[in-house]
Amino acid sequence: MTDILERARTKVLDDGEGLSYDELVEVLQLPDDQIPELLQLAHDVRMKHCGPEVEVEGIISLKTGGCPEDCHFCSQSGQFTSPVRSVWLDIPQLVKAAEETAATGASEFCIVAAVRGPDERLMSQVRDGIKAIQAAVDINVACSLGMLTQQQVDDLREMGVHRYNHNLEAAKSYFPTVVTTHSFEERWETCEMVRESGMELCCGGLVGMGESLEQRAELAAQLAELGPHEVPLNFLNPRPGTPFGDLPIMDSADALRTIAAFRLAMPRTVLRYAGGRELTLGDLGTRDGLLGGINAVIVGNYLTTLGRDADEDLALLTELKMPIKELAKTL
Amino acid sequence: MTTGSPSYCGHCGRPADAEDHAACAVRLAMEPPRFCTRCARRMKVQVTPRGWTAECVEHGVLTS
Ligand code: SF4
Ligand SMILES: [Zn+2]
Ligand SMILES: [Zn+2]
C-alpha cells in the first residue's frame, strides 16, 4: 500500500476529490516528523483549488449569554455558572462594529446571537440591523442565530443575508457528550435548509473537546458530506464554569494535523481559523496553519474573548503574499 | 486594604490578595474582565471586533 500522503496527492491535489473517513484517520495518525510534508500538501491543495486569497471576516455578538442550550464548551449557556452575563447590542453599536470590520478589508460581517433559535424580537432586531448596516457599510452580512424554521430561512434570505452559520460542533458519535438539549440531526436539518435556500452555508465545529482522533476524522467526513461553502474550525478554549472548563488546551501538532486533514477532506471549501487558535497555536502555529490549508480568518475579537491584534494578522497575510479576498459584488 | 489597588480579581472575581492570580492575569490578556475589581459584581461585557466595554452597575463602564 502506498503512503497516505502519496495517495492524497493523487486523489486530492490532482483529482480534486476529498479524502474518505478511513484516509483521514490515517492522516491524523501521521507522526510528527511528517507534519511539514502534510502541511505542504494541504497548502498545495488550497493553492490549486482555492487560490492564494484569504477571506477575512469580523464577527459580533448581537445577543450575548443566557442561552437555554447546554453546549458543554460554551460560556454563553445559561445552564452553567459561567461569568458571562446576558447583554444585547443596539443598532448603532452594530453598525459601528460593521464599519470597524470593513475597515480591515474584510468582506464578511457575521451577526451572532446566543439562542436556540431566533424569536420574533431577534428576527426584527436582525432585520433592522441589516438594513442599517447595508445603508452605511459595503460588506456582506452573515448571521448565526441557531436553529431555523423554513420560514425563518426564507425571511433571512429575503433580508439579504449572504451566508448563514450553523456548526455541527462535533462528530455525530461524539455529539451527545457535547450537547444534550438538542440533537445532531436537528443541527443537520437547519444546515440542509440553509444550503437549499441559496444562502451560502457556513458550517464547522470544534476540536480539542476530548474527542478521539477517529471522531475528528468523522467530523471532517460529515462536514464534507454536507458540503458547506465555508468551514470554521475552532480549537477548544476551555471556559471557566463550563463542563469542558478543565480540559487541557489541544496539542499544537494535533491542531495542525487537523487543519491539514480538513483541507484534504474538503479541497475547495473556505477553511476558516475561528476561535482558540491564539491559545492552541500561538503566532508560529498560526502561520503554519495559513501555510497548511487555512484560507480564511476571523479578524479581531471573538464573541466573548479577544483575538490576535487585527493589524498583526493583516501584516502576516501581506508577508505571506496572500491577498485579502475582495468583497464580491455579485449580490 | 490599600486604596487604589484592586480588591478583587477581574477574571475570577475572588479577593485579589487572598490567592495567586498569575494565571488570571495571563487570561486577562486574551479576554475582557468579567468581574468588577472594586466590588466583584459580574459586569455586563460587550466584545466588538476591535475592543470591549465592561459595565458594573455600581462602578460604571470600563473600555479597552
Ligand atoms: S446554542 Fe450556541 S450560544 Fe447556546 S450554548 Fe450552544 S453554542 Fe452556546
Ligand atoms: Zn483571579
Ligand atoms: Zn463594581
Side-chain angles (χ1 to χ4, degrees), chain A residues 56-66 75-76 81-90 93-104 106 108-112 139 237-241 245 249 275-279 282 298-311 313, chain B:
Chain A
V56 176
E57 176 189 60
I59 61 176
I60 188 76
S61 180
L62 175 62
K63 186 247 168 196
T64 306
S75 66
Q76 301 200 63
T81 53
S82 152
V84 173
R85 276 188 64 179
S86 192
V87 47
W88 280 79
L89 192 74
D90 63 24
Q93 286 175 296
L94 185 67
V95 173
K96 183 165 173 266
E99 284 167 346
E100 286 176 3
T101 299
T104 65
E108 298 280 329
F109 179 65
C110 187
I111 302 170
V112 186
I139 198 158
N237 176 350
R239 307 311 306 149
I249 290 165
R277 72 171 146 115
E278 296 74 10
L279 214 57
I298 287 176
V299 80
N301 296 328
Y302 300 108
L303 303 172
T304 62
T305 60
L306 309 181
R308 238 164 77 105
D309 185 73
D311 297 327
D313 269 347
Chain B
M1 194 202 316
T2 25
T3 39
S5 70
S7 309
Y8 301 95
C9 171
H11 180 69
C12 70
R14 289 195 282 270
D17 50 10
E19 55 193 290
D20 181 23
H21 296 277
C24 297
V26 172
R27 287 297 184 140
L28 282 172
M30 288 183 279
E31 50 198 277
R34 292 282 162 190
F35 295 91
C36 175
T37 56
R38 291 171 68 188
C39 69
R41 276 189 182 85
R42 276 197 310 157
M43 297 191 289
K44 279 190 170 181
V45 178
Q46 179 71 54
V47 177
T48 57
R50 307 207 75 163
W52 52 263
T53 57
E55 180 187 359
C56 168
V57 278
E58 185 65 29
H59 296 107
V61 181
L62 284 176
T63 21
S64 54

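Letters A, B, ... mirror the listed sequences (proteins, then strands); counts begin at 1. Note that the structure is a prediction, hence the values are computed from the model and not measured.
- With a threshold of 4.5 angstrom between heavy atoms, A/Ser82 approaches chain B through N, CA, C or O but not through any side-chain atom.
- Residues B/Arg34 and A/Val84 form a side-chain contact, since some pair of their non-hydrogen atoms from C-beta on lies under 4.5 Å apart.
- A donor-acceptor pair is defined here as one N or O able to donate and one able to accept, closer than 3.5 Å; such a pair exists between the side chain of B/Gln46 and the backbone of A/Ser61.
- Using a 4.5 Å cut-off between heavy atoms, A/Ile60 touches chain B through its side chain atoms alone.
- Summarising the geometry of B/Val47 relative to A/Leu306, their closest heavy-atom pair is CG1-CD2, 4.2 Å, with the distance given to 0.1 Å.
- Chosen from B/His11, B/Met30, B/Glu55, the residue pairing most often with chain A at heavy-atom distances under 4.5 Å is B/Met30.
- In this structure, B/Arg50 and A/Glu100 approach most closely via the heavy-atom pair N-OE1, 3.4 Å.
- Of the inter-residue distances, the one linking A/Glu278 atom CD with B/Glu31 atom CD reads 11.5 Å to the nearest 0.5 angstrom.
- Closest approach of B/Lys44 and A/Ser86 over heavy atoms only: CE-O, 4.1 Å.
- Residues B/Arg27 and A/Asn237 meet the side-chain proximity criterion, which asks for heavy atoms closer than 4.5 Å.
- Ranking B/Ser64, B/Ala29, B/Gly51, B/Cys12 against chain A, the residue ahead of the rest is B/Gly51, based on heavy-atom pairs under 4.5 Å.
- More than 12 heavy atoms of other residues, nucleotides or ligands shown are found within 6.0 angstrom of NZ on A/Lys63.
- Interface residue A/Pro83: backbone and side-chain heavy atoms are both found under 4.5 Å from chain B.
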